[in-house]
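Have a look at the structure below before the remarks.
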Protein chains: 2
Amino acid sequence: MSADPAPARRTRRHDPGRRDRLVDTTLDVIAARGVATATHRAIARAADVPLGSLTYHFGSLTELLAAAFTRHVDDVAARFDARMAAAPDRAAALEALVEHLTGDLLGSERDLVLAVELYVAAARDAELRAVTQDWMSRSRRSLERHLDPVTAREVDALVEGLVLHSALSTDPMDAAQIRAALLRFAG
Amino acid sequence: MSADPAPARRTRRHDPGRRDRLVDTTLDVIAARGVATATHRAIARAADVPLGSLTYHFGSLTELLAAAFTRHVDDVAARFDARMAAAPDRAAALEALVEHLTGDLLGSERDLVLAVELYVAAARDAELRAVTQDWMSRSRRSLERHLDPVTAREVDALVEGLVLHSALSTDPMDAAQIRAALLRFAG
DNA sequence: AACTCATAGGAACGAGCGTACACATGGCCA
DNA sequence: TGGCCATGTGTACGCTCGTTCCTATGAGTT
């Protein structure tokens, strides 16, 4: 302990990509301790940049949070759509959906937490709600590659419930139970 | 404007039931503007009591929020269990579930908002997560009056998803669509 | 009537917050 | 080379917050 006080960094002027790294660090902070603790100061500390750097690159904290969640949603939605596009038929699409849900979303503590934190933030902030809605609609469009619109919508709601359930329950459903539920519903 | 400065209330000492009214007022504030705005000061203002009164009756803000959400969950869970108990068979139970969901929960802006705010708060607070888990398990037990445990669990997750969906979507499912989804799943 | 103590009331403290702003720096172009 | 200006930095302001603390009051008891 009591290490040298930041010796390496010094006059790191004109740091290209800092804005990008701030977005990444923001996601890290949200995933680690929740959107409520994602303050300018906490993010600045985690990214090892001065406080003023945040308000220089982002006009407000909400703008930064929106940028972070947008990046995350883009990432997850793209992965999901790739899975759906690669599925040759409806049965394969359902298996790919199970894989996405149990592997990508619920398998990664980080992705699960980020999803719930986004729900949380969106519940009260219109700008973040737009990000959530974008995610929902992209997810539904991916499902509609193989499912009819009505089913796609219902599956989407069920998926949201399973995510919430996994995050809040002490005794969450395992992969086999989730698979059974989805197949029962849409199989 | 510039009305008399609180003329009626004056030396309202020994106010019985104030603790209860504080819990109710807390729910009102949460429903109106979100759990993030439910501060000591906001609640005190809404209840027309001095700030110190809150910390006198509740050791901390979290304790007050937990008391408020507990009261709400008790209320909703009791209403739901009454519906389930009154249903003579499985088909009637499913109709009662639809009624509860579209009428009680989603039909009341207040109840819908409170449900989502509880999810939100529970995501980061262990004490409030216990309240959520209690709600989930009571809801599941009510469903098990007519559904097997596996189905009850899956229906519970779907209901959570439908609640979240209704709260966050610009284009939420209507009662008929929700009924169709539930019946398709468990009917 | 005197006493007591649970309840009520209001002010104050220290901390953390978003944001604004004045100043420093150095890459880039004339 | 010299100067401009986008970028980087550190400090400070004004605000709200949860909580603490001291004082006042009056209902119930003796």
Side-chain angles (χ1 to χ4, degrees), chain A residues 5-26 29-30 32-69 117 120-121 124-128, chain B residues 5-26 29-30 32-69 117 120-121 124-128:
Chain A
R9 179 183 52 83
R10 189 63 76 92
T11 68
R12 196 197 290 166
R13 303 273 161 180
H14 289 87
D15 178 0
R18 170 173 290 194
R19 194 190 145 97
D20 267 1
R21 284 190 300 108
L22 287 179
V23 172
D24 287 337
T25 303
T26 301
V29 170
I30 295 171
R33 315 205 294 111
V35 72
T37 74
T39 65
H40 276 141
R41 285 168 177 81
I43 297 165
R45 220 174 300 129
D48 190 30
V49 300
L51 178 59
S53 185
L54 294 189
T55 48
Y56 175 75
H57 286 287
F58 301 90
S60 72
L61 182 59
T62 296
E63 188 182 318
L64 172 56
L65 295 179
F69 279 123
E117 292 292 334
V120 163
R124 280 294 154 183
D125 187 298
E127 194 172 345
L128 297 178
Chain B
R9 180 183 51 87
R10 189 63 77 94
T11 68
R12 196 197 289 166
R13 302 272 161 180
H14 289 87
D15 178 1
R18 170 173 291 194
R19 194 189 145 97
D20 266 1
R21 284 189 301 107
L22 287 179
V23 172
D24 288 336
T25 303
T26 301
V29 171
I30 294 172
R33 315 204 295 112
V35 72
T37 75
T39 65
H40 277 141
R41 285 169 176 83
I43 297 165
R45 220 175 299 129
D48 190 30
V49 300
L51 179 59
S53 185
L54 294 190
T55 48
Y56 175 75
H57 286 286
F58 301 89
S60 72
L61 182 59
T62 296
E63 187 182 318
L64 172 55
L65 295 179
F69 278 124
E117 292 291 335
V120 164
R124 280 292 153 185
D125 188 297
E127 194 171 346
L128 298 177

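Basis for what follows: all heavy atoms, side chains included, without hydrogens, waters or symmetry-related copies. Proteins get letters first, then strands, A, B, ... in listed order; numbering begins at 1 in each.
Considering only side-chain N and O atoms, A/S53 lies nowhere under 4.0 angstrom from the phosphate OP1 or OP2 of D/dG8. Taking side-chain N and O atoms only, A/T55 has no distance below 4.0 Å to OP1 or OP2 of C/dT19. Not one side-chain nitrogen or oxygen of B/R19 sits closer than 4.0 Å to the OP1 or OP2 atom of C/dA8. In terms of phosphate contacts, A/Y56 brings a side-chain nitrogen or oxygen within less than 4.0 Å of OP1 or OP2 of D/dT7.
Taking atom CG of residue B/D15 and atom C1' of nucleotide C/dA6, one finds them 14 Å apart after rounding to whole Å. Taking atom CG on B/L54 and atom P on D/dT16, their separation rounds to 18 Å, with Å as the unit. Nucleotide D/dT16 holds its P atom 17 Å from the CG atom of B/L61, rounded to whole Å. Note: CD (B/E63) to C1' (D/dG18) measures 14 Å, nearest angstrom. A straight line from CG of A/L22 to P of D/dT7 spans 14 Å, rounded to a whole angstrom. Across the protein-nucleic acid pair, A/D48 atom CG and D/dT9 atom P stand 10 Å apart, rounded to whole Å.
Considering only heavy atoms from C-beta on, B/R21 comes within 4.5 Å of B/D15 through its side chain. Counting heavy atoms from C-beta on, the side chains of A/T25 and A/D48 never come closer than 4.5 Å.
Among the protein residues, A/L51 comes within range of the nucleic acid bases, having at least one heavy atom under 4.0 Å from a base atom.
Evaluation of atom-type donor-acceptor distances gives a pair under 3.5 Å for the side chain of A/R41 against the base of C/dG18.
The side chain of B/H40 has D/dT19 as its nearest neighbour among D/dT19, C/dT19, C/dG10. Which of C/dA8, D/dG8, D/dT19 sits closest to the side chain of B/H57 comes down to C/dA8. Relative to the side chain of B/T39, the nucleotides D/dG8, D/dG18, C/dG9 differ in distance, and D/dG18 lies closest.
For the atom pair B/H40 NE2 and B/S60 OG, the distance stands at 7.0 Å (nearest 0.5 Å). Separation of atoms OH (B/Y56) and CG (B/L51) is listed at 15.5 Å; rounding is to 0.5 Å.
Mapping A/R45 and A/G52 onto DNA chain C by nearest heavy atom places A/R45 at the nucleotide closer to the 5' end.
In this structure, A/R33 places its CZ atom where only 12 or fewer heavy-atom neighbours from other residues, nucleotides or ligands lie under 6.0 Å away.
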